[in-house]
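In what follows, a structure is listed as structure tokens, so that the remarks can point back to it.
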Amino acid sequence: MAIVEMSVFTLFSPVAKREMLLRELQQFEDVHFRDMTLIEEDLSSVEDPHLAAYLEEGQTRVNYLLNELKAYDSREKGLKATLKGLPSYSLEALEKKSAEIEEKELFEQVKALRAEVDGLNQKLQSLKTTSDELEPWEELSFEVSKLQDTAVTKVQAGSFPRRLEESFKEALLDYPDVYYEKVSEGSGQIYGYFLYLKEQALEVEDLLRRHGFSAIDLEGEDRAGKEREKLALEKEKVLKEKALKEEELKKLALKLNEIEVLYEYYENLNLKYRASKAFVGTDHVDISSGFIPSHRKQEFEKQLQETLKDEYYLEVKEVDPEDDVPVMLKNNALAESFSGVTGMYAMPKYNEIDPTPLLAPFYWLFFGMMGADIGYGILLLILSALVLKFVPLKESMKKNLKFFFYLSFGLIFWGVIYGSFFGGLIKLPNLIDTNKDFITLLILSVGLGIVHLFFGLGIKGYMLIRDKKYLDAIYDVLFWYMAIAGAIVFFLAGAMDLGGQYKMVGKWVMIIGMVGIVLFGGRAAKSLFGRLGNGVYELYGISGYIGDIVSYSRLMALGLSGGFIALSVNIIVGMVIDKGIIGLIFGVIIFVVFHLFNIFLSMLSAYVHTSRLTYVEFFGKFYEGGGKAFKPFRTEPKYIEINNSQGGRTS
Amino acid sequence: MMEFFVNYGGVLFAMAGMFLAVTMGGIGSARGVGIAGEAAAGVIVEEPEKFAKSLILQLLPGTQGLYGFVIGVLAMLQVQAGMSFQEGFRIFLACLPVGFVGWKSAYYQAKVAAAGINILAKNEEHLFKGVIYAVMVETYAILAFVFSIMLLYTVTI
């Protein structure tokens, strides 16, 4: 079956060989550790504080370097880099390479340079502020430094709002000893200075305040214009200095490749550290436990024998299916590409069934029906095939693309049935005319829906029989089949006038099914009334089936909506295209842009609605999910692919 | 007066229908895209690299306007000078589902999309779940759209 069978192991190994053991297990990959601190509460964790500190420091350094140098990265990016894929290292090569890198020096260098650049930036900022402050004073007819108090007078430069100028001047008439000179004005402010006697200072300053005067202390020796020139020169100098420092940073950024190696090295170390945190033990012995796929059991034992010689004790047992066993899925390549659909909902529990191969054919069919178009299908086919062929991708991306690659055939298949090529660009013969046969389409959609639902119910029956719960299979599956199939036959026979015997058979099958559901649906309840009450409530669930069946009408609706949008794009293109050369150009642009948009929209809707039919209607019949995924003992590559000659790579 | 209606009523009603389909859908979508766009802009302030993803969410409430527009175009193809009053009124009614549902559903969808942009900000990996929630609202716009098509193409008086 598609859920990989697991074994659980418990291992006693010497502390001295922990590092070696973890390294070997990392090569083995398919190990999912259990947190022993939760199982053996009497023993303490073997966490190594030195390693923790070393790791913490290293990761902080590397992240700092990656962050700071990112802005100075001059390596090629975008498509070209993507086409090259991630560089690949073996575990040994990774460790060797990372040991060669002088990360601490690098860190100190970058930190120092960064501090200098920051300092220069601050300086630039303050130069700008000073210069801006001086700007309104360029028309001052003497040096800035001459704005100074004497023994008996005070001088104050500043600005006040322009709208208060009149009243200000009026008020100043009362103080003939105050000298005021306006220097300039701008953005609603008037700039000027006041000269007044020290003995009048309090009164005058109060007056100034009342007129919204804000004082400015001007810095500098020369006249304002000259001062600003000096500042500009200074700025030039600082900018040059900054450019030099940044050049140095750029040179250091060339080492980003090495820093990325370091990043992966620490990630690896972290992986091992986290695993060891789940160990318990004494001063000399580590106790670890975890899950491995049963089919690799012998390999696992052999590996331990080679690594630990005779200094260990190992126990490997069958798992108890009711336990919280991690789930690893294994399917053939075709079904595997649909596993994302299952993953998005929930992993199956260990004692359930992997729904991926079961949902795949319907998913394919429904997606195609909702996006139905030969042209769109071919486009998706070509695009996904090209990317798969020429771009090196991570495993998960590859899986997604294969998923769409397969789905494109569904689009073409239904496109042929609907006779639709880019929304009727070329007239093609069709099996179903989307302009007329709405009712046929609706019946087809609902019919497919009923098949889908019955199939889901059938899987539930299979699971019950597999677990030897035969009576449950009859109560929970067979009765439902009878009730629903009987009802369908009964109503169809009535509506289509097929004759009494069909109606009769349908009616009785339905009634037997319904009575069965009422009698046995609530068998978990203890009292008779509770049982019947629950049974009736169960039967009420038949209204849910009606909702489920109607829900499949979306198969028709989405297929039509995409098709008609495409059709109307073509109509508009047809309108402009025969209006000369400009019309032709616009026609082509409209055609490309709007069809692309419609493809995006149709695919998105088809994806979402097919998923919904799968999750709500189909899974609702048999699937619970909620298992936890098997976490292989490896890191997810970010910058570097770690190739592993030995690992299973099964999940 | 009666004569005027008999002569021109068909065309007038058909045009009124097209007008409603296109404008109501358009107004709804414009509002919806606006709401989602505001939310998206909030995320982009801090993380401009999420632009492409936020665009998906912003676009979702934009489709109602498109549906209305398509119905408008399809209805336009059926308008003829001197068409009967009944014919014109049929087209008018056929335009209403997409107009009304498009108008309101775009707004509701935009609220879900804006919430989805929250997911984008905080837990980017699960962005697509937010997209799914938003697309769910669209179901009803699609149903109305398809029903408008059916009314345009099947019912003959």
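Throughout, a chain's letter reflects where its sequence line sits, starting with A, and its residues are numbered from 1. Remember, it's a predicted structure, so these values are computed and weren't measured experimentally.
Residue contact with chain A, scored on non-hydrogen atoms closer than 4.5 Å, involves the backbone and the side chain of B:Val70 alike. Within the 4.5 angstrom heavy-atom criterion, atoms from both the backbone and the side chain of B:Ile132 approach chain A. Of the atoms belonging to B:Val135, heavy atoms from both backbone and side chain fall under 4.5 Å from chain A. Interface residue A:Met344: backbone and side-chain heavy atoms are both found under 4.5 Å from chain B. Residue B:Ile71 does not touch chain A at all, counting heavy-atom pairs closer than 4.5 Å.
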Checklist entry - Going through the checks in order, is the side chain to side chain contact (heavy atoms under 4.5 Å, CB included) test met by B:Val146 and A:Phe564? => result CA-CA 9 Å; B:Val146 170; A:Phe564 273 92; over 6 Å; no

Checklist entry - Where do A:Leu601 and B:Leu66 land on the side chain to side chain contact (heavy atoms under 4.5 Å, CB included) test, with the steps shown first? => result CA-CA 11 Å; A:Leu601 208 66; B:Leu66 183 69; 4.1 Å; yes

Next on the checklist: Checking A:Phe438 against B:Phe147 for the ring-ring contact (aromatic ring centres under 6.0 Å, His included) test, could you report, in this order, the C-alpha distance in whole Å, the side-chain angles of both residues, the deciding distance, and whether it holds?
Outcome noted: CA-CA 10 Å; A:Phe438 299 136; B:Phe147 199 69; 9.7 Å; no

Checklist entry - Is there a side chain to side chain contact (heavy atoms under 4.5 Å, CB included) between A:Leu604 and B:Leu60 once you walk through the steps? => result CA-CA 10 Å; A:Leu604 181 65; B:Leu60 287 179; 3.6 Å; yes

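A:Ile572 is listed as a side-chain neighbour of B:Phe69, based on a closest heavy-atom distance under 4.5 Å. The closest side-chain heavy-atom distance from B:Leu74 to A:Ile571 is below 4.5 Å. Using a 4.5 Å heavy-atom cutoff, the side chains of A:Leu560 and B:Phe145 are not in contact. No side-chain heavy atom of A:Arg554 sits under 4.5 Å from any side-chain heavy atom of B:Leu143.
Distance OH/B:Tyr67 to OG/A:Ser568: 11.5 Å, rounded to 0.5 Å. The distance from the CD1 atom of B:Ile142 to the CE atom of A:Met556 is 11.5 Å, given to the nearest 0.5 Å. Interatomic distance, B:Lys129 NZ to A:Ser611 OG, rounded to the nearest 0.5 Å: 11.5 Å.
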